[in-house]
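Naming: A, B, ... by sequence-line order, numbering from 1 per chain.
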Amino acid sequence: MADPVLIIGAGVAGMTAAVELADSGVDVILVDRLSTIGGNALDLYKAFPTDDCFYCFEGNRDRPGIRKCFYRSAMIDQPNISLYVNSEVGEITPKNGLFQVKLDVGPVYVNPKKCTLCGLCLTHSKAFTFTSPQCQPQSVKYDPSKSDEGDKKAESECPTRAINLDAQPTEETITVSDIVLATGYHEMKPVNMDEYGYGKIPNVITQLELAQILDPNGPSRGKLVRPSDGASVESVLMVQCVGSRDENHYPFCSKICCVFAIKHANIIALERTSAKVSVVYMDIRTYDRHEKYYRDARDAGVEFVRGRVTRIESGDDGKLDIIVYDSLLDKYLKFNVDLFVLSSALEPPPGIHTLSKSLGLSLSSGYFTPADRASGNEVVIGKHIYACGGALGPAEVPESVTQARAVASKILQSRK
Amino acid sequence: MPSYNLYMGCSVPANYPNYEASMIRVAEVLGMELVYMEDVACCGSPNLRAMDYFGWLVVNARTLAIGEKNGYDIVTPCNGCFGSLKDVLHHLKHDPEDLALVNKELAKMDLELKGSIKVRHFVEALYTDVGIEEIKKKITKPLDGVGIAIHYGCHLLRPADVTEFTPSILDELVEVTGATVIEYPLWKQCCGATVLPINEPLAIRLARDKLKSMTEYGAVFATVVCPACGNQLDLQQLGLRDSYNEDYNLPILLYPQILALAMGMSEEEVGLELNRVSADSILDHLSE
Amino acid sequence: MAETKNKAGVPETLIEPIEMSSLDASFRNEIHSMPNGEELSACFACSTCTAACPIANQWKYKPHQLIRMIILGMRDEVLSSSEIWECLTCFQCQERCPQNVRVTDIFFDCKNLASERGDIPSSIVSLAKELLEKGQLYQVTADWEREDLELEPEVPGLSIEEVKSILKNTRTGKIAGDE
């Protein structure tokens, strides 16, 4: 039997590649650092271009017998996928045309194959949590730092014996034929940009933080509120290109933040109709069909101001005075808003340097780069090394899915 | 023979009887029956639209309703009238609420606008109803290929979805007389007529730029189909001698004048002496 | 909307921003509801209108800025501007707008709003009076020219009384009467 494929990162791209390969009979080892998989998409309540809930994406519908989301069951039930959450990839050694990879596997306190989400453990101990009804794998989480007297009881009374409080971290060495890098991107925390006051002034947040506020499953149940005091929001100012297209931070365009921001602006303008939204931008880059979002936003009354932020001042009432230079009018405008949302750069994840070094790969703008740019095979990074989705740079969901499928196709061809 | 509601407006009869006379004569020879509309008013031009939109709608809807009652298309030799009538008709066809309001006013005059009427510029009717081939048959003294620049005029061309005018009609109508059409970069540019009451130096500057562009590209004559454009390009030329110390000496002919001359009519019949910049030299370009 | 009070006081600077809360948000909606104003909000300030305008170089506020000012609610600045009255109505801006904003038509709407509140150039007031008194903008002054060309001496078919009576009761009457 052929050796398995290692996929690093279980976001949209990694999960797609895993399912596509597994369905074609290839054994897959899917590793994610976090205890809940799904990557950035997990935080999105709606994703462009269809504005569907991320979990209801198109490809899901052609797997009969599976409710709505094809990822949901496949991650646990597809026999060819071995999912490692809470786990990190260590040393990678090439050997006889294969890769020997060390995995630091986190303790498995709750076995997701057994957990039925009955919720009994949650009644016994605060150490058990249930992230969201959409979390993957579908199981409760155990945090040993919050251990209390109830957790033993939860363990013993668990009707499916899914809990093992004595679980220990382990180290495994696996041998794989191919490596798929699906490491994604992170949203930069713009703490070093004084002009925006992030981390210092209340109610200055990033777009992903706004996504959580807008999420009907989030802490405010989707109500648009100020993080500082929970007061409802009447006006929002967004600013684009925070750390992107900036030689002092990230020289590249983060590509999806314009659509991302406008999607949020539309949700606010059309579904939270009492709030006024303004967007400060240098260029609006709603490439391709996403131009429709931009037009819809203007029709919905979202105000666009070409220019930059001059200064921000916070007041006692939790509101923010923000002065913006409008370069089209050549005037300064003063906004008084509840929420200031930064469309922050999408940066490579912190571990990418170690990973690229151990694979002998070079990075471009911090992301993985195609082995041969001229070949048109953008997902081929090296010999038996592939990348898809955010590992290659900021990407939207459909693009990540397409690239993941390209990876699966390349691997299947190489095994013929 | 097709009959038409001839809507003159106020400017052509007052300022360009030579335009009116040559149009009437050309139409007669070509078998177009132009019937002066009775009891119709001045269109108010863009100025009325600017200060009193509703008044502008009612005044022009009234003209349209009278024309509709007569049962023929309206033709007009003036771009200002053409623009006003076309725009009002277009608006009322797309805005039933305003149409109802306007018809309430028209009812007081025993009129009603249904919206079936068509409005056309005289040159459009000439081109589509008579046709280049028929016109060609009547040309007895064709021009010798002399270069003529065409100024269509803004309200004939734009907004295109309202005026529905094909911007090549005049090219063909000029060519059939034997002249050569001179293309020049500022052919779409405004003559400046509408800004005359607000900012005269600006209006003169626009006319001047236009004339300069025409002559630089080799125009010996220019032609217009609007009294306001004619005023700007013809009369204002005289003033340019003082204000810009520039003398373009570019005769401006109303299009039916050129056609009439090529059809063998006399300079008196087309009122050539009324052209402000002497256009007599056009006679030298007619073949015997 | 109340202005934010800062504990330490607002710093003094040379920047004097326009208070967004002081602007008139209803202006945008008003223009939006006027003839051919529907596409106003589609403007993305590409400035094609200004590129197309033959005279904007002379203007303090360019066409794309006027549209922005309407969207932001700068009612007084727009309605008292000389630019809207200098507009040639040549429709080049409107014809080239990639978002189908009917720029020239919107400036006509602005002129109507300006006229309603009395912001109207004296030369246009004179035209209003002319229309109201004479029922037409141009009168035949040289009827012999017409007769030489075998035309009727007067403007054929012209009716002036009906126009006077229509315009007396619309805004034209108000404008001419206010003087």
Side chain, backbone, both or neither: which part of [X] has a heavy atom under 4.5 Å from chain C?
{"X": "B/Leu206", "answer": "side chain"}
{"X": "B/Lys188", "answer": "both"}
{"X": "B/Met37", "answer": "backbone"}
{"X": "B/Val35", "answer": "neither"}

Requested in this report: Check for a donor-acceptor pair, side chain of C/Glu95 on one end and backbone N or O of B/Ala160 on the other, with a separation under 3.5 Å.
Outcome: yes

Requested in this report: Using atom types as modelled and distance alone, determine if a side-chain donor or acceptor of B/Asp39 lies under 3.5 Å from a backbone N or O of C/Ser159.
Outcome: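 The answer is no, because no donor-acceptor pair under 3.5 Å joins these two groups.
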
Do [X] and [Y] have side-chain heavy atoms sitting under 4.5 Å apart?
{"X": "C/Arg146", "Y": "B/Asn18", "result": "no"}
{"X": "C/Thr89", "Y": "B/Cys154", "result": "no"}
{"X": "B/Arg25", "Y": "C/Glu150", "result": "yes"}
{"X": "B/Pro159", "Y": "C/Thr104", "result": "no"}
{"X": "B/Arg62", "Y": "C/Glu162", "result": "yes"}
{"X": "C/Ile166", "Y": "B/Glu105", "result": "no"}

Checking [X] against chain B: side chain, backbone, both or neither under 4.5 Å from a heavy atom?
{"X": "C/Ala128", "result": "both"}
{"X": "C/Pro121", "result": "side chain"}
{"X": "C/Gln94", "result": "side chain"}
{"X": "C/Leu88", "result": "both"}
{"X": "C/Glu161", "result": "neither"}

Nearest heavy atoms of [X] and [Y], plus distance in Å:
{"X": "C/Pro156", "Y": "B/Tyr36", "answer": "CG-CE2, 3.3 Å"}
{"X": "B/Ile198", "Y": "C/Trp85", "answer": "CG1-O, 3.6 Å"}
{"X": "C/Asn112", "Y": "B/Tyr53", "answer": "OD1-N, 2.7 Å"}

Query raised in the report: What option among B/Asn15, B/Asp95, B/Leu6 has the most heavy-atom pairs under 4.5 Å with chain C?
Result: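 It is B/Asn15.
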
Query - Top contributor to chain C contacts, counting heavy-atom pairs under 4.5 Å, from B/Gly153, B/Pro197, B/Ala14, B/Ala50 - result: B/Ala50

Report task. Using a cut-off of under 4.5 Å on heavy-atom pairs, state which of C/Asn169, C/Thr141, C/Leu167, C/Leu113 scores highest against chain B. Result ->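 Greatest number of close heavy-atom pairs with chain B: C/Leu167.
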
**Report entry** Greatest number of heavy atom pairs closer than 4.5 Å to chain B - which of C/Gln58, C/Met34, C/Gln92
**Finding:**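 Of the candidates given, the most pairs with chain B belong to C/Gln92.
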
Report task. For a side-chain contact (heavy atoms from CB on, under 4.5 Å) with B/Pro13, tell me which candidate from C/Leu151, C/Asp143, C/Val155, C/Leu158 qualifies. Result -> C/Val155

Report task. Check the pair B/Arg49, C/Asp105 against side chain to side chain contact (heavy atoms under 4.5 Å, CB included), reporting the backbone distance first and the verdict last. Result -> CA-CA 10 Å; B/Arg49 182 183 176 183; C/Asp105 289 341; 2.9 Å; yes

Query raised in the report: Taking it one step at a time, do C/Glu116 and B/Asp52 satisfy side chain to side chain contact (heavy atoms under 4.5 Å, CB included)?
Result: CA-CA 9 Å; C/Glu116 183 63 26; B/Asp52 182 2; over 6 Å; no

To the nearest 0.5 Å, what is the distance between [atom1] on [X] and [atom2] on [Y]?
{"X": "C/Leu127", "Y": "B/Met51", "atom1": "CG", "atom2": "CE", "value": "6.0 Å"}
{"X": "B/Asn47", "Y": "C/Ile124", "atom1": "CG", "atom2": "CD1", "value": "4.5 Å"}
{"X": "C/Tyr138", "Y": "B/Tyr16", "atom1": "OH", "atom2": "OH", "value": "9.5 Å"}
{"X": "C/Ile55", "Y": "B/Asp209", "atom1": "CD1", "atom2": "CG", "value": "12.0 Å"}
{"X": "C/Leu131", "Y": "B/Ser45", "atom1": "CG", "atom2": "OG", "value": "7.5 Å"}
{"X": "B/His90", "Y": "C/Asn36", "atom1": "NE2", "atom2": "CG", "value": "8.0 Å"}

Requested in this report: List the steps, then state whether side chain to side chain contact (heavy atoms under 4.5 Å, CB included) holds for C/Leu149 with B/Glu20.
Outcome: CA-CA 9 Å; C/Leu149 286 160; B/Glu20 184 176 342; over 6 Å; no

